[in-house]
Every structure is written in C-alpha cells, then in structure tokens.
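Throughout, protein chains are lettered first and strands after them, A, B, ... in sequence-line order, and every chain is numbered starting at 1.
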Protein chains: 2
Amino acid sequence: MPKVLDEEDVADFRERLLAAAERLFAEQGVAGVSMRRIAQAMGCSATTPYRYFADKEEILASVRAAAFDRFATTIEAAFARRGSPVERSAAVGRAYWDFAMREPDAYRLMFDMAQPDDDRYPDLVRAGARARGCMTAHIRELVSAGRIAGDPDLLSHVIWSATHGIVVLKLAGRLKHGPAPEDILRESMRLLFNGARAGLPPRAPAQASAEATGSQT
Amino acid sequence: MPKVLDEEDVADFRERLLAAAERLFAEQGVAGVSMRRIAQAMGCSATTPYRYFADKEEILASVRAAAFDRFATTIEAAFARRGSPVERSAAVGRAYWDFAMREPDAYRLMFDMAQPDDDRYPDLVRAGARARGCMTAHIRELVSAGRIAGDPDLLSHVIWSATHGIVVLKLAGRLKHGPAPEDILRESMRLLFNGARAGLPPRAPAQASAEATGSQT
DNA sequence: CCGTTAAAATAACAGTGTAAATTTACGCTG
DNA sequence: CAGCGTAAATTTACACTGTTATTTTAACGG
C-alpha cells in the first residue's frame, strides 16, 4: 500500500472493482450482491471500496454507464460499416438485437425501470445520451436517401421503442408461449418500414397510387 | 385472536396486507419496504405476516398478480364497449396507455425484468396469461373484419411490444428529451396499421391499385 | 530510526429477512 | 366455572446488509 494513491492506481482499482461487480451482478442479480461479496472478490477488506466509491449506488451507476458505453460502441461499429443506407440501417438493427441477446444482464441494468434519479451521475447521463444518439444517425440517413418519409427524430424513437419493447418482454420472460421474438421483431420492422414508405412522395416506380390515406388520427 | 382462523379471516388479512404493501411499494419502491414496515402498517407484530405469506417474495408476487388482474379487467372493459372493430381496438389501445400512466408503479411491478422465475406462483402466471390474452382479441377482430392483414397472434404481439416499449422507456425516464411519448405512440400505431393494411388483398374502394406487393417473405 | 500521514482493516450500529422459542387467549370438555 | 389443549401472536435470536467511526498498518521525509 503506497503512501499516496496515484491517480492511475485509483482508476485501476475502480476498473477492477467494476469488472468484478458486473460479473457478480450478472451471476446473482444486483440485489443478491453485497458490498462484502464484492470486497471479497477484490481480495480487500469489506470497507475498502468506500475509499473509491461513495456507496453501492455509485457502483451500480458506474456499471450501468460502462454498459451503455459498450452498447454505444457496438452500435457505432455497426453503423461504420460501408454499404447502402439500407444495409447500414439493417446492420445497426442487428447489432442492437445481438447485443441484447449476448449481454442480457447488461441490457437489463441499462434499462431497468426501478432506477429513480439517474441524473445524479453525470457519467451515466452522458453514456445514456450517447447510446440514444447513435440510434438516430442511421434513420436520418434513410430519410435523407429517400427510403422512408417522416421526421427522423420521431421515426428513430418509433423504431427504437418497438425494438426495445420486444427485447424487454423477452428479458422479462413474457414471450415464452407466443411467436418467437425474432419473428415479432422482423414483422415489426417490416410493417413499420412499409408504413413509413407509404408516406413517400410519388416516385419513379410505375404503380405508385398510394396517396396519403394516413388520416386515421 | 380467534382460536382458529376462518378461511374468510385469512383472505381478509391477506387482502389488507396486499393493499398496504402495494401502497408502500408505490411510495418507496419495493426494495425500500421492509417486512417490519408492512407489519407496522398492519398494526401487527413483525413476524405475523409469515402466518399468511411464505416470505416477502410471495407478497410481491401476489401484488403483481393483483396488478395484472386489475389491468386485464380494465382492458376487457374497454373491449366490451360497443362500436366498430376499429373503435373497439382504439379503445383498447387507449385503455392500455391510460392504465400505464395512471398506475405506473403497478405497471413497473408487472413487467419488471429483474424477476427471475415467476413460474413458482401459479396465480401470477394465471393473471399474466389473462392480461396477455385480452390483448389479442381486438386484433383478431380487426383481421376478421378485413381491416388489417396478417396472423392475429403475431400482429397482436407486434402491437403489444411496440406499445410496451414506449411505456417502459417513459417509465425508465428515457424519453425526457426526445419527442413526446404520446406522439411516438401515435406515429407507431399509424405506421404499423398502414403497414398492415398494405397486406390486404385488393378491395372495393375505387383507387385500389395496391396489388399484392406483400410478396416479401 | 522516528514521527507523519494516507491507506487499509477492524469494530460497531442500525436495520434486514426469517426461524425458533415463548407467551397469549380462545373454545371445549370435565 | 376451572382448566386444558392449541392455534395465533409475540418476542427473541441469528446471520446478514450498507455504512460510519475507530484503530491498526506501513511507506515516506527528516
């Protein structure tokens, strides 16, 4: 134990603790993991973590922020692929789904409804905003390319919430008896994009009689 | 304290405790409510609830089952309204949204992702199944009436998950900066129904040039 | 080598879920 | 009515939790 803690040492300890905490959270659920258990996994005393984190809530917030960042990085990587707007958009959608299926515990933590006021953790706010932001770019591109019509911000929230809804229903165990989640997702996207295409102005293709019948309010 | 507990007395005690527990859960979150706190609200000793419930988890499961039943009753009432299939379907959708906004804590409890194995509580399974079931009837009716095309079971899951996604994002506090949740919901339904209508076979109305373009898949 | 001082470890507190032991009080029988 | 059996309620107790206060440890400067 050095006399004074190098800033690097602090960062290292925090990182290692967060990694351990995330693993334990995934294994036994957040409520089932105690500070003492985390400390034990770190090989330190029960209260040493309090030198690096204010309390358990801050640990949880940091784990969630890390998950959001990992998620955002994954999505951004998918969007960075080269290809047509449609291909890139499909890649983003696939990356979203794959992340949720590959790291269900991380996804659960990220979007848990029981978290009261995340706003106290700037890093969590930043990571969450980054994750949200990187889901609108591909929609904006689709609109710019004239493949769908509508307000990109609104459309991206529509696509996002539809996808999110299927993911969380599955992660909550509520899609055990109905259609396969993948089928629901595919059909949702098919219908949404068909619907959004219907809003396009008349175009080159011959049989474009689809006038704006969207007057259902 | 009677010598033996009438079955009615047991049911009464359970009901009163569940009501108190639900109120406390809503006020302070599930994790913030202790058995002792519930017992205090009941005016009994700390361990008396254990005569009526196996443990805290069973209390939570019962509260969740009650919420599902209340939800299902609300939806069924909306569907029981007289009117056209479209009107009845719209009423169901509105009732769904209104319930989630009126009882966000109940909704949170119902669809919380952190619940591991609900299957141990038959009443909860039954109530959950009932709630899910009453969301397909109005879709089935729409399909029967020829207003939309597709597999009713699949379509109902599409509509459900889209609605659910918006609700849980709002309840998780993730829709503070974007479009209003109501707008996302309206646009989602507009696009989905437009998309689903596109799958209809050619019909009476004059400008029905929409030949079966639904040849995808 | 010794004192200073930051870091770690220990001890302690209030509160948790819950099981075991104990007390209470009702209904029945002698 | 006395008193017993017994179900219901309470008290006690235990292992655990998050967290704070106190004490111990150990690296550095003189």
Side-chain angles (χ1 to χ4, degrees), chain A residues 1-18 20-25 27-64 109 112 114-117 120-121, chain B residues 1-18 20-25 27-64 109 112 114-117 120-121:
Chain A
M1 51 216 75
K3 176 71 179 300
V4 307
L5 236 46
D6 188 333
E7 188 174 329
E8 192 178 336
D9 293 334
V10 170
D12 180 62
F13 185 96
R14 281 180 62 107
E15 258 181 48
R16 280 181 16 244
L17 188 143
L18 289 179
E22 171 153 34
R23 188 173 50 81
L24 291 173
F25 285 167
E27 282 175 14
Q28 334 196 354
V30 184
V33 176
S34 68
M35 290 293 269
R36 286 168 171 85
R37 185 74 191 75
I38 297 176
Q40 178 190 341
M42 292 291 293
C44 69
S45 204
T47 59
T48 297
Y50 284 92
R51 298 227 148 245
Y52 301 88
F53 294 91
D55 50 21
K56 195 183 182 184
E57 202 176 330
E58 188 184 309
I59 295 179
L60 177 58
S62 300
V63 169
R64 300 214 301 146
L109 252 47
D112 191 18
Q115 310 299 337
D117 34 0
R120 283 178 299 169
Y121 303 98
Chain B
M1 52 217 71
K3 176 70 180 300
V4 304
L5 238 43
D6 191 333
E7 189 175 328
E8 193 177 335
D9 292 335
V10 172
D12 179 62
F13 185 96
R14 282 179 63 108
E15 258 181 48
R16 281 181 15 242
L17 187 142
L18 289 179
E22 170 154 34
R23 187 173 49 80
L24 291 174
F25 286 166
E27 282 175 15
Q28 337 197 354
V30 185
V33 176
S34 67
M35 290 293 270
R36 286 168 171 84
R37 185 73 190 77
I38 297 176
Q40 177 190 344
M42 292 292 292
C44 68
S45 204
T47 59
T48 297
Y50 284 91
R51 299 230 145 242
Y52 301 86
F53 295 91
D55 49 23
K56 196 185 183 182
E57 202 176 331
E58 188 184 311
I59 295 178
L60 177 58
S62 300
V63 169
R64 300 214 303 147
L109 252 47
D112 190 19
Q115 309 300 335
D117 33 1
R120 282 178 301 170
Y121 302 98

Donor-acceptor pairs under 3.5 Å, side chain of residues 27-35 of chain B to any protein atom, not counting sequence neighbours: which ones?
{"residue": "B/E27", "atom": "OE2", "partner": "B/R23", "partner atom": "NH1", "Å": "3.3"}
{"residue": "B/S34", "atom": "OG", "partner": "B/R37", "partner atom": "N", "Å": "3.0"}

Every protein N/O within reach of nucleotides 19-23 of chain D N/O, cut-off under 3.5 Å:
{"residue": "D/dT19", "atom": "OP2", "partner": "A/Y50", "partner atom": "OH", "Å": "2.9"}
{"residue": "D/dT19", "atom": "OP2", "partner": "A/K56", "partner atom": "N", "Å": "3.0"}
{"residue": "D/dT19", "atom": "O5'", "partner": "A/Y50", "partner atom": "OH", "Å": "3.3"}
{"residue": "D/dT19", "atom": "O4", "partner": "A/R36", "partner atom": "NH2", "Å": "3.3"}

For B/A46, the side chain to side chain contact (heavy atoms under 4.5 Å, CB included) test, sequence neighbours excluded, returns B/R36
Considering only heavy side-chain atoms of A/S45, the closest of C/dA8, D/dT10, C/dA9 is C/dA9
Nearest heavy-atom contact between A/V63 and A/E22 is CG1-CB, 4.1 Å
Between A/S45 and A/A39 the two heavy atoms that sit nearest each other are O-CB, 3.3 Å
The helix from C/dC1-D/dG30 to C/dG30-D/dC1: angle between terminal helix axes, five bp per end, to the nearest 10 degrees, reads 30°
Sequence neighbours excluded, the answer for ring-ring contact (aromatic ring centres under 6.0 Å, His included) partners of B/Y121 is none
Contacts of A/D55 meeting side-chain hydrogen bond (donor to acceptor under 3.5 Å, both in side chains) (sequence neighbours excluded), chain-then-number -> none
Sorted by chain and residue number, the side chain to side chain contact (heavy atoms under 4.5 Å, CB included) partners of A/R14 (sequence neighbours excluded) come out as A/V10, A/Y52, A/F53, A/E58, A/S62
With heavy atoms under 4.0 Å as the rule, sort B/T48 into base, sugar-phosphate or nothing. base
Atom CD1 of B/I59 and atom P of C/dT16 are separated, to the nearest Å, by 14 Å
Hits for salt bridge (Lys or Arg N to Asp or Glu O under 4.0 Å) against A/E57, two or more places apart or cross-chain, chain-then-number order -> A/R120
